[in-house]
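Inspection log for the structure reproduced underneath, given as structure tokens.
Values below: all heavy atoms of this structure, side chains included; hydrogens, waters and symmetry mates excluded. Starting from 1, each residue takes its place in the sequence as its number. What you see is a predicted model; the values in this text were computed from it and never measured.
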Amino acid sequence: MSRPFKIEIAESEEELKKRLETARLGNQKEKLQMLWWLKSGQVKEQQEIGKRLGRDTSTEN
């Protein structure tokens with residue numbers, strides 16, 4: 001089991017959702033999606049984000 005994230009996200013959940021809807025670049029969308037999931041409480045651990053994004057959490061990309 002991975003450790004939960006302990007980060008502070010300055011943007012509101014609504015602002016992140018709005019930016020996500022208007023984002024055009026794939027990597028930008030992915031980062032905003034991750035921040036929105038965290039801010040909205042949908043995910044709490046790095047492993048869950050990796051599963052949702054289809055990424056290996058041991059890599060940076």
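- Under the 4.5 Å side-chain heavy-atom criterion for ILVMFWY residues, no single connected hydrophobic cluster contains both Leu25 and Leu53.
- Once rounded to the nearest 0.5 Å, the distance linking CD of Gln33 with CH2 of Trp36 reads 6.5 Å.
- Of the possible donor and acceptor atoms, one in the side chain of Lys39 sits under 3.5 Å from a partner among the backbone N and O of Ile9.
- Between Leu38 atom CG and Ile49 atom CD1 the span is 4.0 Å, to the nearest 0.5 Å.
- In this structure, NZ in Lys31 is found 14.0 Å from CG in Leu16, a value given to the nearest 0.5 Å.
- Taken to the nearest 0.5 Å, the NZ atom of Lys18 stands 13.5 Å off from the CG atom of Leu32.
- Heavy atoms only, all atoms of each residue included: Gly41 and Lys44 are closest at O-NZ, 3.7 Å.
- For the residue pair Ala23 and Lys29, the shortest heavy atom distance occurs at O-CE, 2.8 Å.
- Atom CE of Met34 is separated from atom CD of Gln46 by 9.0 Å, given to the nearest 0.5 angstrom.
- By the 4.0 Å N-to-carboxylate-O rule, Glu48 lies close enough to Arg52 to be salt-bridged with it.
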